[in-house]
There are 2 protein chains.
Amino acid sequence: MSKEKKTTSDSSISRIADELDISTRTIRFYEEKGLIRPRRTTGNQRVYTPRNKARLKLIIRGKRFGFSLDEIAEMIGMADADPNELEQIEKSLKYGDVKLKELRERKKELTLLEQDILATREKLIKRKTELEITGSSTTKGEENEHC
Amino acid sequence: MSKEKKTTSDSSISRIADELDISTRTIRFYEEKGLIRPRRTTGNQRVYTPRNKARLKLIIRGKRFGFSLDEIAEMIGMADADPNELEQIEKSLKYGDVKLKELRERKKELTLLEQDILATREKLIKRKTELEITGSSTTKGEENEHC
DNA sequence: TTTACAGCTTACGTAAACGTTAAGTTTTTG
DNA sequence: CAAAAACTTAACGTTTACGTAAGCTGTAAA
């Protein structure tokens, strides 16, 4: 009976773009790639539900970890994938598991990267202190290698 | 007195490429960008020390987190930056700190992403179970939205 | 020594992920 | 109701991060 829900929280593409700090072009691009599929008004303009917005956030988050859009698509499921197809569900599940593993791998690497940066930091500070103490005439040798 | 060290562990570009599972082109490209600067033989061929190799690993690791090569360069320091320049050191330190913060931010988001995928997983499993129980005639309504 | 392979530089090609007009439609607002 | 703001599709432009091929040189093995 109540088919049209003016949920108020639904918003236009530019509002969403503002809120998520991305361009409208980017949002449309993600739609082109099949990552989202917002409803349209009678005038063919895009309408985004909070659900759609959450999905966009998810995409953005995935991107920050170096995943390509294609990878993200497979991770969170294409917007036009039929959720009634068992086969499709199985596939998504399997892919999700693989990605979870990858994700945890990266979690470890993240720590390693952090340590690398910290190590570089230490060396820089040491070198800095050296320079500050010895004044400025310490051009010993021609060792041109550093971290 | 002993200037030339044939450290045996030093290796050619193709060996390194193999070991790190990247192309020689990629390695040369990183050099073009100023990220590494290996020594050369008298015949002008590139020689990579373990140190150089470690640096490459670091670059690769950074890339896996969606950092651009330019960002990585600033994070770990350009290969041709003069380490005697105090100003340069200060700059690198500051940038490193910024990146450390970013990195920790991402660490948190990584967990969020993980949870998102787990949530999707749960829903998929639920849906799957539903489908398996009801046989195949559950086209209730036209709810065409999903995670 | 010769030959074949690995490496070097130079340079054009390409895919991904948008940016940027352009030209027309819809919706909002004075 | 008409102007202005927001939206639409379409298409070409741009940057990043390499791929690939050409043409030459150095180097290891027969």
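Lettering follows sequence order; numbering is per chain, from 1.
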Could you list the residues that satisfy salt bridge (charged side-chain N to carboxylate O under 4.0 Å, His left out) with A/E31, not counting sequence neighbours? A/R40, A/R46

Mind checking whether A/I13 and A/I16 have side chains closer than 4.5 Å, heavy atoms only? no

Can you tell me how far C1' of D/dA17 sits from CD1 of B/I59, to the nearest Å? 13 Å

Using a cut-off of strictly less than 4.0 Å between a heavy atom of the residue and any atom of DNA chain C, enumerate the qualifying residues of residues 19-29 of chain B by number. B/R25, B/R28

Under 4.0 Å between a Lys/Arg side-chain N and an Asp/Glu carboxylate O for A/R127 and A/E122? no

Contacts of type salt bridge (charged side-chain N to carboxylate O under 4.0 Å, His left out), residue B/R28, not counting sequence neighbours: none

Comparing B/E32 and B/R15 on DNA chain C - which has the more 5′ nearest nucleotide: B/R15

A/D18 CG to D/dA6 P: how many Å, rounded? 10 Å

Look only at the side chain of A/R39 and the backbone of A/T49, and say whether a donor-acceptor pair between them is shorter than 3.5 Å. no

Within the 4.0 Å limit for protein heavy atoms, which parts of nucleotides 22-30 of chain D are touched? Write it as a string from 5' to 3', B for base, S for sugar-phosphate only, - for none. ----SS---

What residues form a side-chain contact (heavy atoms from CB on, under 4.5 Å) with B/T129, not counting sequence neighbours? B/I125, B/I133

Which residues share a side chain to side chain donor-acceptor pair (under 3.5 Å) with B/S68, sequence neighbours left out: none

Transitive ILVMFWY side-chain link B/V47 to B/I36, under 4.5 Å: no

Check side chain to side chain donor-acceptor pair (under 3.5 Å) between A/S12 and all other residues, then give those that pass, not counting sequence neighbours. A/S14

Counting only N and O atoms by type, is there a donor-acceptor contact under 3.5 Å from the side chain of A/R121 to the main-chain atoms of A/Q115? no

Over the length of the helix from C/dT1-D/dA30 to C/dG30-D/dC1, how much do the five-pair end axes diverge, rounded to 10 degrees? 10°

On DNA chain C, which is the earliest and which the latest nucleotide, 5' to 3', with an atom closer than 4.0 Å to a heavy atom of chain B? C/dA6 to C/dA11

Is the phosphate of D/dT8 approached by A/R46 (side-chain N or O, under 4.0 Å from OP1 or OP2)? yes

Got a sec, which residues hit side chain to side chain donor-acceptor pair (under 3.5 Å) with B/E114, two or more places apart in sequence or on another chain? A/R104, A/K107

Partner residues of A/E19 under the salt bridge (charged side-chain N to carboxylate O under 4.0 Å, His left out) criterion, sequence neighbours left out: A/R15, A/K53

Contact class for A/R40 vs. all strands (heavy atom < 4.0 Å): base, sugar-phosphate, or nothing? sugar-phosphate

Applying salt bridge (charged side-chain N to carboxylate O under 4.0 Å, His left out), name anything that partners B/K128, two or more places apart in sequence or on another chain. A/E90

